[in-house]
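Keep in mind that what you see is a predicted model, and the values were worked out from it rather than measured. Naming: A, B, ... by sequence-line order, numbering from 1 per chain.
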2 protein chains.
Amino acid sequence: MVNKQIRRAVPYWTEVEDVFGNSRRGSSDRRVRRTRKAVQQALVELILEKGYEAVTVTDLINRANVGRSTFYAHFTDKQDVLFSNLDELSSLLRLAPASRPGPLFAFSLPMFEHLHEQRRLARALLGRRGGSAVMARGEQILATIVRDELLAAFPPRSTPPDSLDLMVTCVVGAFMALLRKWVDGELTATPAEMDAAFRAVVTPGVEIAFRR
Amino acid sequence: MVNKQIRRAVPYWTEVEDVFGNSRRGSSDRRVRRTRKAVQQALVELILEKGYEAVTVTDLINRANVGRSTFYAHFTDKQDVLFSNLDELSSLLRLAPASRPGPLFAFSLPMFEHLHEQRRLARALLGRRGGSAVMARGEQILATIVRDELLAAFPPRSTPPDSLDLMVTCVVGAFMALLRKWVDGELTATPAEMDAAFRAVVTPGVEIAFRR
DNA sequence: TTATAACCGAACACATTGTTCCGAAACAAG
DNA sequence: CTTGTTTCGGAACAATGTGTTCGGTTATAA
């Protein structure tokens, strides 16, 4: 009577790692790919319709036409689905070699351009209707990028480290604020214009602070 | 058998208005004041312990030692309690005459100072563990302040209006990012240092953009 | 073809929300 | 102090959402 069969969905998978450091997988079984994609797409649709907070797991499985037990065989949470969607956006955050000499904040333009192409997904994940978790993680990643870039561009001795933190926070905060309003459609501008505005406000202050 | 008696808690109240434009009241009945304050304090405590999202209404009424029906006689939501707490912080946002000549972004230092005094409350309401609604509203209010300040300091013709929006977004984004990390204790600095860092990064870019 | 794994869906226990009701207690006014 | 009013407490309730279990069915890969 004891059920010794281990019930595992998503078995023979190869490991991949997303921007969160979580392990994600690419399946060999067609059913698995089908189910996961259906749920992910359903989440994006529902976020754009009602906002992330308002989306329930019941909504998801109805929209995706997936059984309840099936859902929980693949994802632990609503949030798990949210994060799984980030695989597609992760490449975007991986650019920025950080040690290449050049103009400051080189990540800006490519990032705006990439988000422009993925408008729909970006809006769902990064906009106000999306959960704040994605933005928070993006902020974190961007902070290390900016920090490394500044340390590479200027001799580390010229500034006390805690002052550097303050500066990084300012720069990242300005960028993320621009980005959020842009994907939400509250700002109408081309990627080039966004990049120009960001750099115009932020760069002079940074360079003066480093007395270049 | 019909209950014609209108059951209203919180009756003979004088109107007040908070930063959200909602009407709040100061009661003459001691029981009412006692109940409201108990719930508000309970929320602050619980936010600092578990974070806003994790706090349930049941948690609130247990911590505050208040009956369930009593709670719903005073507040509609968890969020309603959150907003009601803002009365204490509202004065902080009301400063900034906006039309007085002087250094740019004069709101910055007083705001950091005031938040430093109200450390505990500020952390609960504005920090990561607090709901994002408060931050969102603060951002909105600050945006109009910054916008008015820039329009007052520079002739409106010198800049296209949509470019102004971009700049305002940058400035507000930088400030709010600093503020959030500061109240969360991720940044250790005095109010004066916070103000200096904010102005150092942001001011040069703004003044150059307006070719002063 | 066949063994296996994924799927469906119902049923379940549990938590949370917001409402209703009534007796008890606190309050303010006279 | 008495009296009429208002608030409080707390149980009970329906409604909704979550996450788990399990037996039967179907799709998949080899």
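- Scanning for side-chain contact (heavy atoms from CB on, under 4.5 Å) contacts around A177(B) gives T169(A), R180(B), with sequence neighbours left out.
- Between the CZ atom of F75(B) and the P atom of dG18(C) there is a distance of 14 Å, given to the nearest Å.
- Between the P atom of dA28(C) and the CZ atom of R33(B) lies a distance of 8 Å, rounded to the nearest Å.
- Atom CD1 of I61(B) is separated from atom P of dT17(C) by 9 Å (rounded to the nearest Å).
- Minimum atom distance to the side chain of T70(B) is reached by dC8(D), of the listed dG9(C), dT18(D), dC8(D).
- Separating the CD atom of Q79(B) from the C1' atom of dT17(C) is a distance of 15 Å, rounded to the nearest angstrom.
- Nearest nucleotide to the R30(B) side chain, out of dC27(C), dT26(D), dT17(C): dC27(C).
- To the nearest angstrom, P of dG17(D) lies 8 Å from NZ of K50(A).
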If you look only at distance, which donor and acceptor atoms sit under 3.5 Å apart when one is on a side chain in residues 117-126 of chain A and the other is two or more places apart or in another chain?
{"from": "R119(A)", "atom 1": "NH1", "to": "H116(A)", "atom 2": "ND1", "distance (Å)": "3.0"}
{"from": "R123(A)", "atom 1": "NH2", "to": "D184(A)", "atom 2": "O", "distance (Å)": "3.0"}

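- Inter-residue side-chain proximity for K78(B) and V81(B) is flagged as unmet; no heavy-atom pair is nearer than 4.5 Å.
- Nearest nucleotide to the R31(B) side chain, out of dA25(C), dT17(C), dC7(C): dA25(C).
- Of the residues in residues 38-46 of chain B, none lies under 4.0 Å from DNA chain D by heavy-atom distance.
- D29(B) places its CG atom 17 Å from the P atom of dA25(C), with the value rounded to the nearest Å.
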side-chain contact (heavy atoms from CB on, under 4.5 Å) between F83(B) and D77(B), intermediate numbers included: CA-CA 10 Å; F83(B) 288 174; D77(B) 280 321; over 6 Å; no
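- Under 4.0 Å is where a charged nitrogen must lie from a carboxylate oxygen, and between R147(A) and D165(A) at least one such pair does.
- Within the nucleic acid shown, T35(B) comes within 4.0 Å of sugar-phosphate atoms alone, with no base atom in reach, counting heavy atoms only.
- A salt bridge links K50(A) to D59(A): one of the charged nitrogens lies within less than 4.0 Å of a carboxylate oxygen.
- Here dT18(D) is the nucleotide among dT6(D), dT18(D), dG19(D) with the atom lying nearest to any side-chain atom of T56(A).
- Atom CZ in F71(A) sits about 14 Å away from atom P in dG17(D), given to the nearest Å.
- Between K78(B) and S69(B), the residue whose closest nucleotide on DNA chain C is further toward the 5' end is K78(B).
- Between the side chain of R68(B) and the base of dG18(C), at least one donor-acceptor pair of N or O atoms lies under 3.5 Å.
- Of the residues near DNA chain C, N65(A) and T76(B), the one whose nearest nucleotide (by heavy atom distance) lies more toward the 5' end is N65(A).
- In this structure, the side chains of V146(B) and F175(B) stay at 4.5 Å or more apart for every pair of heavy atoms.
- A sub-4.0 Å separation between OP1 or OP2 of dG19(D) and a side-chain N or O of Y72(A) is present.
- If you take CG of D80(A) and C1' of dT18(D), they are 15 Å apart, rounded to a whole angstrom.
- Contact annotation: T58(B) side-chain N/O to dT16(C) OP1/OP2 distance is not under 4.0 Å.
- When heavy atoms are screened at a 4.0 angstrom cut-off, D59(A) is found touching no nucleic acid atom at all.
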Verdict with reasoning, F107(B) to F112(B), per ring-ring contact (aromatic ring centres under 6.0 Å, His included): CA-CA 9 Å; F107(B) 60 86; F112(B) 280 120; 8.8 Å; no
